[in-house]
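Structure, as C-alpha cells:
Every number for a ligand or one of its atoms is a count from 1 in the order of the listing. Numbers for residues simply follow the sequence, beginning at 1. Only a predicted model underlies this, so the values are computations on that prediction, with no experimental measurement involved.
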Amino acid sequence: MIIKPLWVRLTVAVLLPVALVTLTLTPIFTSHLKDRADGTRRSAEALLASEYDLLLRSMNESFNQVLATAEYPQLKRFLSRQDAAPTPTWGLASQNDWEQLEALFDTLLTHFGRYTRLAVVDTEGREWVATSTVPQLSRPPVADHGATTAFRKAMSLQARDLYVSSLRLSASGGEQAPATTVIDIATPIVGDTGERLGVLLFTLDWSRLTTTLPHALGEAPGEALLVDAQGKWLLSGTEGQVERFGQPLEERWDDAWSALSARNQGTVILEDHLLAFRSHDIRTQHYRSQAGMILSEAETQPWRLGILMPRPSLWGLLKENPVQLLAIALVYLLSGAFGVFWVLSNYRLRGLRQRALAFSREARQYAGEVQDLYEHAPCGYHSLDSNGRVIKINRTELDWLGYRADEVIDRCHYRNFVTPETRAAFDAAFQKVLGEGQEGSAECELLCRDGTRLPVAIQGKAHVTEEGFQYSRAMVFDLSERKALEEKLKMQALTDPLTGLGNRRYLEDQAVMEIARAERSGASLSLIAIDLDHFKRVNDTYGHDVGDLVLQAFAKLARQVLRDGDVLCRMGGEEFAVLLPDTNREQALQVAERLREAVATTPAKVDQDVTEDGALAYTTSLGVTLVSAREGSLKPAIKRADQGLYAAKEAGRNRAHWQPVSP
Ligand SMILES: Nc1nc2c(ncn2[C@@H]2O[C@H](COP(=O)(O)OP(=O)(O)OP(=O)(O)O)[C@@H](O)[C@H]2O)c(=O)[nH]1
C-alpha cells in the first residue's frame, strides 16, 4: 500500500466530505432553484398578461372615447354651421355651442385625466374647440392644423376610423415635469348625411397611462420594457425613464432586443434575467374597440412589451435565508473538520499500530532468540514437576540422551535417565530442590539411548510462586571432557612417557588392588625387578638416544613375553618391574628366565650407523620375589626384588635371582 504524505491525506479528507455534502445538497437546491425559476416564469408571464391587458384596455378606452366624442351631435352641428358659412362665423348659436363643447371637453379632460389636449378642427385645419392641460394655449381659433400629420391622415379616413400617431415628447402641464410623452389619436367627424365636417384630435398622455400599469405601481416584482418596431424605448413617466424614451433598446440590452425582435411572444432566459414578452400591433389588434380601421406609422408597429425578472440564483436563494446559509456553512465546516479529525486520528492510530508491530516483531525475534538459546545452549536445560517428571527439556539435552521431545516430555521421570550408580546423588539433590533450600546440585551419569554414559553436573533450582512450588529448573553441564582430561592427566601421572609403560606410582596403585585380590583369593602374587646390564656403557658408547631406543625395545619385548594380566612398569632409569598376579615362586622364576632369555637373544633395533647390523645386543638382570599379603603394601616386596636383582648383578649379570620373603 502506498502511504501518501499527511498533507495529501488531509486534502482528500477535506475535499471528499465537502464533495459528498455538495453531491447531497445539489439535487435539493437544483430542485428548489427550478421551482423558483418556474415561479419566476409564471410571475413574469402573469405580469406580462396583466400589463398587456391593461395597456390594451386603456388604449381601446381612449379609442372608444375619441370615437364616441366624434359622434356627439352638438359637435357636428357646430362644425356644420362653420362649414355652411362662407367665412367662419361666431354667432350667438355658435357661441353657445362652443361654450357647451368647451365645457364638455373640460369635463372629459379632467374626468379621464389621461389626455393633455382635446381639439376640434374643421376641414380647413382650423382649430375651433380646444382644451389643454397646458394653460398658456390661446383660445380658438388657436392653431392651424392644416399641415399636421394627424389632421391630414384623419381627413383621409372614413367615419369610425382612427389615426394613431407615433409616440413623441411634448411639453407637460406640470411644473416638475417639463416634458412628457404623448400620442395623438384622431378621427374624422362626419355629418349625418356623410359629409366630412372636421377632425377630432385627442392627445393621450402616454406617460400618465403607463404609470397606471402594474409594474409602475410596484404591484409586482420585475421591470417592464416597451419598444416600438424599431426597438426604441416607449415607456416614460417613471423616474429615470423620460431620458430613456426613444433610445434604442439594442444599445442597452442587445440580447433582450434580439429575443424580442425574433418572435412575437415567448419567454427567454438572458444572462441573469428571465424575459417574458409579446408584441401588439394597434392597427390590427383593436378588436375590443369600436374603431373601424386604425391607421398608424408602419415603422412604429408592432409594439413589443416585455417583463424582465431577475433570474433566481443559488446565491440569491441562500441569501434569502441567512439561517439556512449558516446551516449549510456549518455542515461543510463539520464535514471538513470530521475529515481532518478522522485523518489525524487515523494517522496517530497507524503510528501506534506500527510501533506496536515493531515491538511485537522485536518481541517475537527476542523470544525466538531466547528459544534458540534455550534449545541450543551449550548446556542442557530441563524442568521437572514435583514428581520429577520432565515437563520441558531443551534440544541440547535431548541430543545428549538420544530421544525426541515427544518421547520424553510428560512421559519420563528424569531419574530414569540417571545411571543406577549415580541415582542416589540425583535424588538427594532433587529433594533439596523440593525442600526449603530450593536449590540442589549433583554430579551424575546419564544413561543415553545408545547405552553410553554421559557424566554431567546438574544444578537445579525451584520455581516458587505465592501458590508454592511450581516446577524445578535445572542446568545440566556435560562433564565428559573434563572427566576425560582428568583421566588423561591421571594416566599421564601414572605413565612413563618414553616407553608408554606405567610408572612406579601406577605399579603401587595396581599393587593395592592386586594385593587385596590375592588376599581375597589366596592366590600367589609375585614381583620381578628388572635392570638392564651395563646400560651406562650403552649410553656412553652410542649416545643417550640409542639408550632410549634400547629401553623402548625392552618394553616392547617384555610386553610380548608377559601375559595380559601382568603389570609391567618402568620404575625409573633402566629399572623395570613386573607384578605377576596368580603366580607362585616357580612360575615367577620361569617368567623371569623367559624374559631374560628373550632379551639376551633379541638385540634392540638401532640405526645402521650405530652398529653394522643395526642391532644392539643387551642383557638384563632380574630379582624375583613373592608379594606377601600380610605386608599390606608393595614396598617390602620391591625392596626384596631389588635385593635379588643386586644379587644377580653380583653373580655376573644376565641372570635371575630368587629372593625369598624373610621369615
Ligand atoms: N638412555 C637412557 N639412559 C638412562 C635412562 N635412565 C637412566 N639411564 C642411564 O642408565 C645408566 C645406569 O647406569 P648404572 O646405574 O651405573 O648401571 P649400569 O651401567 O647399568 O651397570 P649395572 O647396572 O651395574 O649393570 C646411567 O648411565 C643412566 O644415565 C634413560 O631414560 N635413558
Side-chain angles (χ1 to χ4, degrees), residues 488-511 526-562 566-580 588-589 591-625 634-660:
K488 190 178 169 188
L489 291 173
K490 188 176 167 188
M491 286 304 292
Q492 281 177 354
L494 299 174
T495 305
D496 168 52
L498 182 67
T499 60
L501 298 175
N503 58 16
R504 175 186 285 271
R505 202 169 144 211
Y506 177 71
L507 180 69
E508 288 170 354
D509 286 352
Q510 293 300 307
S526 299
L527 179 70
I528 304 174
I530 308 163
D531 189 291
L532 273 55
D533 297 332
H534 299 303
F535 193 68
K536 184 173 184 305
R537 217 183 285 169
V538 174
N539 276 336
D540 293 348
T541 307
Y542 303 107
H544 207 268
D545 289 347
V546 175
D548 284 351
L549 282 176
V550 173
L551 290 172
Q552 287 169 337
F554 169 75
K556 187 179 175 189
L557 181 64
R559 271 200 210 103
Q560 292 169 355
V561 171
L562 296 170
D566 298 336
V567 182
L568 173 66
C569 61
R570 184 181 174 200
M571 300 298 280
E574 85 292 14
E575 293 176 16
F576 297 86
V578 188
L579 188 65
L580 304 164
L589 280 171
V591 172
E593 183 54 28
R594 199 168 61 236
L595 199 56
R596 182 204 64 77
E597 187 179 357
V599 171
T601 56
T602 312
K605 285 184 180 172
V606 294
D607 289 342
Q608 295 283 337
D609 54 349
V610 176
T611 60
E612 278 184 8
D613 56 356
L616 185 63
Y618 64 101
T619 58
T620 53
S621 298
L622 304 95
V624 186
T625 188
L634 194 63
K635 273 186 183 171
I638 292 175
K639 194 175 174 184
R640 270 198 308 280
D642 280 345
Q643 287 170 350
L645 179 62
Y646 293 142
K649 291 274 185 188
E650 286 296 323
R653 297 186 173 81
N654 191 22
R655 66 195 63 217
H657 180 82
W658 170 254
Q659 186 67 34

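The shortest contact between atom 31 (O) of ligand 1 and any protein heavy atom is with Arg570 NH2, 2.4 Å. Closest protein heavy atom to atom 14 (P) of ligand 1: Glu574 OE2, 4.2 Å. The protein heavy atom nearest to atom 20 (O) of ligand 1 is Phe535 N, 2.8 Å. Of the protein's non-hydrogen atoms, Lys536 CD, 3.9 Å is the one closest to atom 16 (O) of ligand 1. For atom 32 (N) of ligand 1, the nearest protein heavy atom (residue, atom name, distance) is Asp548 OD1, 2.9 Å. Closest protein heavy atom to atom 7 (C) of ligand 1: Gly573 CA, 3.2 Å. Atom 8 (N) of ligand 1 has its closest protein heavy atom at Asn539 ND2, 3.8 Å. Of all protein heavy atoms, the one lying nearest to atom 23 (O) of ligand 1 is Lys649 NZ, 2.9 Å.
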_Arg596 and Glu593: CA distance, side-chain angles, deciding distance, salt bridge (charged side-chain N to carboxylate O under 4.0 Å, His left out) verdict_ = CA-CA 5 Å; Arg596 182 204 64 77; Glu593 183 54 28; 2.6 Å; yes

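No salt bridge links Arg505 with Glu508; every basic N to acidic carboxylate O contact stays at or beyond 4.0 Å.
Under a 3.5 Å cut-off, the side chain of Arg559 and the backbone N or O of Leu562 do not form any donor-acceptor pair. Judged by distance alone, the side chain of Asp607 and the main-chain N or O of Asp609 form no donor-acceptor pair under 3.5 Å.
Of all the atoms in ligand 1, the ones that sit under 4.0 Å from a non-hydrogen atom of Asp533 are 20 (O), 25 (O).
For the residue pair Ala493 and Asn503, the shortest heavy atom distance occurs at O-ND2, 2.6 Å. Nearest heavy atoms, Ala641 versus Leu527: CB-CD2, 4.2 Å.
Contacts with ligand 1 closer than 4.0 Å are made by side-chain heavy atoms of Asp531 only, the backbone lying farther away. Counting heavy atoms closer than 4.0 Å to ligand 1, residue Leu551 contributes side-chain atoms (C-beta onward) but none from N, CA, C or O.
The aromatic rings of Phe554 and Phe576 lie tilted to each other, with the angle between the two planes from 30° to 60°.
Heavy-atom separations between Gln552 and ligand 1 are all 4.0 Å or longer.
Looking at residues two or more places apart in sequence or on another chain, you find a side-chain contact (heavy atoms from CB on, under 4.5 Å) between Arg653 and Asp533, His534, Ser621, Lys649.
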